[in-house]
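Down below is the structure, laid out as structure tokens.
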Amino acid sequence: MKKVFLVSLVVLLFGALIVPAVGTPKPAEAWSGTVTCSASELQFSVYAGVPTYLLGFIPLDEGQTLTLTHTGGFLESAGWTVSDDAGWLNEDPLFGVVGCLDRSQDVTVRVNTDGLAAGTYTATITFKFTTCATKTITVPVTVEVIEPRVVG
């Protein structure tokens, strides 16, 4: 019984010393990977009074696509989230991981014009990243809501 206990204790201590040295990933700040975005800005032109969403949640247009691309080590990846500072912008998806398995990921941006009068609106989309050298990417957005002209 003492022999089994002693062997178990030695194995446990050996595992406690070796496993952390082998299984510990690099610290996030040491990772060299970077993420870039396919566009430095987005511009939309829409007509006032023409809905861009059906029932408030079904998109009626294709929107515009931003592609996030990760460059870096083979096993490096970056988790990300996206947010904006306007109630009339929608991004899909809102989070993801780019890098190790998928080197790039598309994010669709749409404008919800419900309640927007004719005029020019601006906003900023912000991507925040973990475990890579890139910490944030911002993309300015300009939306021109055009008053339709009546001919006749």
Side-chain angles (χ1 to χ4, degrees), residues 12-151:
L12 180 65
L13 290 174
F14 182 73
L17 292 174
I18 298 300
V19 171
V22 173
T24 304
K26 296 187 287 185
E29 58 273 4
W31 290 26
S32 61
T34 59
V35 178
T36 57
C37 185
S38 61
S40 58
E41 65 179 320
L42 292 178
Q43 296 181 352
F44 293 86
S45 293
V46 293
Y47 287 102
V50 177
T52 52
Y53 278 79
L54 178 65
L55 303 174
F57 65 93
I58 301 171
L60 296 175
D61 67 3
E62 295 177 6
Q64 294 185 35
T65 302
L66 295 173
T67 302
L68 300 174
T69 304
H70 183 274
T71 56
F74 176 70
L75 294 177
E76 292 183 8
S77 60
W80 60 269
T81 59
V82 65
S83 61
D84 63 65
D85 59 359
W88 40 265
L89 276 177
N90 295 306
E91 299 87 14
D92 182 42
L94 295 174
F95 57 89
V97 176
V98 64
C100 188
L101 298 176
D102 292 322
R103 288 291 180 189
S104 64
Q105 187 169 14
D106 290 341
V107 177
T108 303
V109 179
R110 292 185 178 90
V111 176
N112 186 347
T113 58
D114 291 347
L116 294 182
T120 301
Y121 299 85
T122 59
T124 302
I125 295 172
T126 303
F127 292 94
K128 293 185 180 179
F129 300 93
T130 60
T131 63
C132 73
T134 307
K135 296 302 178 198
T136 61
I137 293 176
T138 58
V139 180
V141 179
T142 303
V143 176
E144 183 180 3
V145 179
I146 305 165
E147 189 68 44
R149 296 180 189 223
V150 178
V151 178

Q: Starting at OH of Tyr121, measure out to OG1 of Thr142 and round the result to the nearest 0.5 Å.
A: 13.0 Å
Q | Nearest heavy-atom neighbours spanning Thr34 and Ala133 | A | CG2-CB, 4.0 Å
Q) What is the distance from atom CD of Glu144 to atom CG of Leu116, rounded to the nearest 0.5 Å? A) 12.5 Å
Q: Check for a donor-acceptor pair, side chain of Glu76 on one end and backbone N or O of Gly99 on the other, with a separation under 3.5 Å.
A: no
Q) Closest approach of Pro140 and Ser40, non-hydrogen atoms and distance? A) CD-O, 3.1 Å
Q.
Can you tell me which residue among Val107, Thr134, Thr81 is in a side-chain contact (heavy atoms from CB on, under 4.5 Å) with Phe127?
A. Val107
Q) Once you round to the nearest 0.5 Å, how far does CG of Leu68 lie from OG1 of Thr65? A) 11.0 Å
Q | Closest approach of Val46 to Val143 (non-hydrogen atoms, all atoms of both residues) | A | CG2-CG1, 4.2 Å
Q: Have a look at Val141 and tell me which of Thr124, Leu89, Thr122 forms a side-chain contact (heavy atoms from CB on, under 4.5 Å) with it.
A: Leu89
(Q) Applying ring pair (Phe, Tyr, Trp, His ring centres under 6.0 Å) as the test, list every pair that has at least one member in residues 93-120; sequence neighbours left out. (A) none
Q: Hey, could you give me the CZ/NZ distance between Phe129 and Lys135, rounded to the nearest 0.5 Å?
A: 11.0 Å
Q: Considering non-hydrogen atoms only, spot the tightest contact between Gln64 and Gln43 and give its length.
A: NE2-O, 2.7 Å
Q) So which pairs with a foot in residues 82-101 pass side-chain hydrogen bond (donor to acceptor under 3.5 Å, both in side chains), sequence neighbours left out? A) Tyr53-Asn90
Q: Return the minimal non-hydrogen interatomic distance between Ser45 and Ile146, and the atom names on each side.
A: CB-CD1, 4.1 Å
Q | Student check: side-chain heavy atoms of Asp61 and Arg110 closer than 4.5 Å | A | yes
Q: Answer yes or no: is there a donor N or O on one side and an acceptor on the other, between the side chain of Thr131 and the main chain of Ser77, under 3.5 Å?
A: yes
**Q.** Nearest-0.5 Å distance that lies between atom NE2 in His70 and atom CH2 in Trp80
**A.** 14.0 Å
(Q) Between Leu42 and Val139, is the side-chain contact (heavy atoms from CB on, under 4.5 Å) condition met? List the steps. (A) CA-CA 7 Å; Leu42 292 178; Val139 180; 4.2 Å; yes
Q | Contacts of Ala118 that satisfy side-chain contact (heavy atoms from CB on, under 4.5 Å) - sequence neighbours left out | A | Glu147
